[in-house]
There are 2 protein chains.
Amino acid sequence: MDRQRTDKDDEATAQERPTLKTLAFMTGLGVTTVSRALKDAPEIGAETRRRVQLVAKQIGYRPNRAGVRLRTGKTNVISLVLNTEHELMSFVSDIIYGVTEVIADTPYHLIVTPYSRSQDPLDPVRYLVETGSADGVIISRTQPNDPRARYMLERGIPFATHGRTDMGLVHPYHDFDNYAFAAEAVRHLAGMGRRRLALVTPPVGLSYYRHTVDGFADALSEVGASEVPFNTVSIDHSIEQIRMRTAQLMRRDIRPDGIISSAAAATLAIVAGIEDAGLKLGRDVDVVSKQSSELLHLFRHELLVVNEDFRLAGSELARSVLGWIGGAAPGSLQSLSEPKGVVAYRRSD
Amino acid sequence: MDRQRTDKDDEATAQERPTLKTLAFMTGLGVTTVSRALKDAPEIGAETRRRVQLVAKQIGYRPNRAGVRLRTGKTNVISLVLNTEHELMSFVSDIIYGVTEVIADTPYHLIVTPYSRSQDPLDPVRYLVETGSADGVIISRTQPNDPRARYMLERGIPFATHGRTDMGLVHPYHDFDNYAFAAEAVRHLAGMGRRRLALVTPPVGLSYYRHTVDGFADALSEVGASEVPFNTVSIDHSIEQIRMRTAQLMRRDIRPDGIISSAAAATLAIVAGIEDAGLKLGRDVDVVSKQSSELLHLFRHELLVVNEDFRLAGSELARSVLGWIGGAAPGSLQSLSEPKGVVAYRRSD
DNA sequence: GCAATATACTGAAACGTTACAGCTTGTCAC
DNA sequence: GTGACAAGCTGTAACGTTTCAGTATATTGC
């Protein structure tokens with residue numbers, strides 16, 4: 001049972017993992033022929049091709065990744081580059097699941113390449129490109145003028161960004177329409193009679209900060225509501241910070257009667273802050289929040305939510321990168337996900 | 001600027017990525033010498049060694065992973081095997097961050113290998129082992145008698161489990177002491193005067209189900225409290241299921257006055273169920289819950305929590321696998337994380 | 001019947017690395 | 001001066017794959 005490494009049993013009969021040589025021996029062909037037969041090259045006879053593929057399937061042949069990679073440079077790896085401090089939790093796992101869903105029946109592996117707050121976000125990307133560690137890269141926390149996208153475009157390595165850029169350069173992306181989110185949120189609140197709205201923004205500097213702020217501003221003037229400035233926090237701030245600042249804000253004379261939050265975790269803090277100030281959600285103020293899992297309505301049923309599907313984002317991003325690797329035009333690999341509208345969970349009781 | 005691939009400039013002067021050959025040319029040594037010098041082999045002269053390493057550092061030499069892997073079989077890859085349906089969200093990202101933290105300054109890459117509910121959990125592990133895709137594996141959702149652990153032990157591939165097994169086999173693991181968690185939770189509730197306790201368990205079949213149930217039972221008899229059976233749900237059930245069953249339970253004549261929950265997401269549903277039944281948290285019933293991020297106290301400040309650090313788990317698991325790969329005894333790579341006690345966020349207002 | 005061409009296959013080389021089995025040179029004992 | 005030995009270095013082969021430049025055989029045109 002405990003088979004020793006008998007060095008001389010390599011007569012292509014070995015129990016070890018089958019290689020092209022094994023297949024060549026079994027079929028009586030040369031390794032070159034086997035290699036080509038497996039990839040449906042035209043100059044191989046139809047019968048030979050079928051025979052080789054049959055045997056390969058039977059013995060469970062799997063090309064050796066290191067061999068392929070060494071020879072061709074193809075890694076069959078997609079890298080997801082993540083900030084290990086900022087990324088909100090559910091976000092990450094959903095994206096990962098979305099990506100793995102798509103690459104599941106491809107030869108691709110997913111590697112997670114982290115970088116921390118202190119590092120230049122370009123570092124991990126540079127590392128990947130310089131060491132040729134991946135055929136494609138997915139980045140998030142995209143900025144309007146994103147050095148990482150520019151860098152990869154220069155080097156010609158396929159990538160997709162979670163979020164759009166604004167550099168006049170074309171590349172694959174997937175984005176949630178945060179302009180529409182903010183605008184719809186404003187309209188919904190206005191429809192409920194709310195007139196003084198505050199916005200808890202995405203991190204300043206990221207692309208979707210602008211989209212969100214613009215959607216907010218445009219819809220405000222459209223419905224004739226006014227903004228209560230709340231620039232002291234963004235969703236990147238700590239729970240405690242957001243809670244405290246919200247409480248401060250809500251204690252002021254001119255306080256908002258509607259708040260829009262770009263992230264579920266921030267919303268928890270916002271509501272806590274509201275209640276710290278002695279106000280009641282749904283009566284004194286309404287809150288519309290984005291969420292990626294259906295949990296906020298359990299938190300306070302008065303909350304209004306807009307759902308963002310990060311698993312979908314992961315899938316789309318993976319599809320885009322694979323598409324680019326496969327030769328599709330980068331410009332054809334862009335997608336925007338529209339919000340499905342504001343959902344109220346207010347119960348009948 | 002846009003340098004073409006001039007095929008014949010490979011005179012070790014090329015702009016391409018430096019290899020051992022490049023270093024050999026630059027130092028005037030043979031590739032063998034360079035290779036050994038870089039790994040501090042004893043038969044290389046001290047000065048030569050320093051010289052080679054200096055040049056290598058200067059030109060930013062990085063060993064080609066494919067070359068190493070092909071030659072030695074060493075992949076420099078750790079695989080994290082994840083269930084894409086059950087794993088709770090924050091859980092996953094924290095573990096990943098923990099792992100990446102540890103492997104950050106090693107040559108290791110982290111690949112995420114998913115499997116879905118429908119698959120045999122052994123599938124991904126078998127794939128990894130058969131294709132030699134990783135030097136080490138981390139698995140979660142560990143069972144007392146875990147076929148995956150058994151399999152990897154047989155094949156001699158280093159791994160670590162998140163959660164202990166109970167097969168009489170020794171292997172690295174990291175686990176949270178769920179026995180202690182449940183026991184402390186019971187004692188805390190008893191200390192508050194709660195007498196009829198219910199437990200929302202981990203998924204039946206996983207190792208920590210037993211630990212949790214045992215800790216619960218032992219502490220119950222220790223403090224002389226009684227159990228209100230609540231076996232119809234576990235934390236793997238849907239939010240809706242848990243909410244509904246909890247409401248049913250709380251409407252019964254003999255309802256619990258204390259509930260212990262093994263996961264934060266389940267706790268949201270439990271509280272919703274309690275309130276559906278018209279009862280009040282903190283008055284009619286108290287709830288102790290595990291959580292992995294500090295959010296539950298924002299949800300209801302009456303909640304009692306025990307914190308579980310998944311980032312730590314990730315780090316410990318990574319350390320264990322690397323340790324085993326590095327030759328340490330598997331038995332010396334086991335760790336158990338103790339709960340820090342039940343924390344109340346009840347505010348003074 | 002012979003050259004030209006197409007078809008089906010093949011060996012050798014290369015990707016970058018490490019392991020094995022050498023090869024020089026110098027030192028030392030006697 | 002010779003043999004033994006150590007120190008320090010080197011060439012070759014191999015890992016599994018693909019590509020390049022063939023080769024052998026059959027088919028076609030005339």
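Predicted model only: the values in this text are computed from it and were never measured. In what follows, chains are A, B, ... by sequence order, proteins preceding strands, each numbered from 1.
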Might you work through the side-chain contact (heavy atoms from CB on, under 4.5 Å) test for Phe310(B) and Tyr97(B), ending with a clear yes or no? CA-CA 9 Å; Phe310(B) 284 115; Tyr97(B) 292 157; over 6 Å; no

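Screening Asp146(B), Thr142(B), Asp175(B) for a side-chain hydrogen bond (donor to acceptor under 3.5 Å, both in side chains) involving Arg164(B) leaves a single residue, Asp175(B). Of the residues Thr33(B), Val52(B), Thr32(B), Leu29(B), the one that meets the side chain to side chain contact (heavy atoms under 4.5 Å, CB included) test with Ile44(B) is Thr33(B).
Relative ring orientation between Tyr127(A) and His109(B) is described as perpendicular, the plane-to-plane angle rising above 60° on a 0-90° scale split at 30° and 60°.
Put simply, CG on Leu80(A) and CD1 on Ile96(A) are 6.0 Å apart, with the number rounded to the nearest 0.5 Å.
Nucleotide dT10(C) holds its P atom 13 Å from the CG atom of Leu20(A), rounded to whole Å. Whole-Å rounding puts the Leu38(A) CG to dG16(D) P distance at 15 Å. At whole-Å resolution of the value, CD1 in Ile44(A) and P in dT18(D) are 13 Å apart. Lys21(B) places its NZ atom 13 Å from the P atom of dG11(D), with the value rounded to the nearest Å. In this structure, CZ of Arg17(A) is placed 9 Å from C1' of dG16(D), rounded to the nearest angstrom. Look at CG on Leu23(A): it is 13 Å from P on dT10(C), rounded to the nearest Å. The separation between Glu43(B) atom CD and dA7(D) atom C1' is 10 Å, rounded to whole Å. Whole-Å rounding puts the Arg36(B) CZ to dA21(C) P distance at 12 Å.
Axis orientation changes by 50° from one end of the helix from dG1(C)-dC30(D) to dC30(C)-dG1(D) to the other, with each end axis drawn from 5 pairs and the value rounded to 10°.
Remark: Leu70(B), Arg71(B) in residues 60-76 of chain B come within less than 4.0 Å of DNA chain D through at least one heavy atom.
With sequence neighbours excluded, no residue satisfies ring pair (Phe, Tyr, Trp, His ring centres under 6.0 Å) with His174(B).
A close approach under 4.0 Å does occur between a side-chain nitrogen or oxygen of Lys39(B) and OP1 or OP2 of dT18(C). Contact between the side-chain N/O atoms of Ser35(B) and the OP1/OP2 oxygens of dT18(C) is found at a separation under 4.0 Å.
No hydrogens or angles were tested; on distance alone, nothing pairs the side chain of Thr48(A) with the base of dA8(C) as donor and acceptor under 3.5 Å.
At least one donor-acceptor pair closer than 3.5 Å links the side chain of Asp135(B) to the backbone N or O of Thr75(B).
Here the closest heavy-atom approach between residue Gln334(B) and residue His171(B) is recorded as NE2-O, 2.8 Å.
Among the atoms of the strands shown, base atoms are found under 4.0 Å from some heavy atom of Thr32(B). As judged by a 4.0 angstrom heavy-atom cut-off over every strand, Thr19(B) is placed among residues touching the sugar-phosphate backbone only.
Other residues, nucleotides and ligands place no more than 12 heavy atoms under 6.0 Å from the CD atom of Glu47(B).
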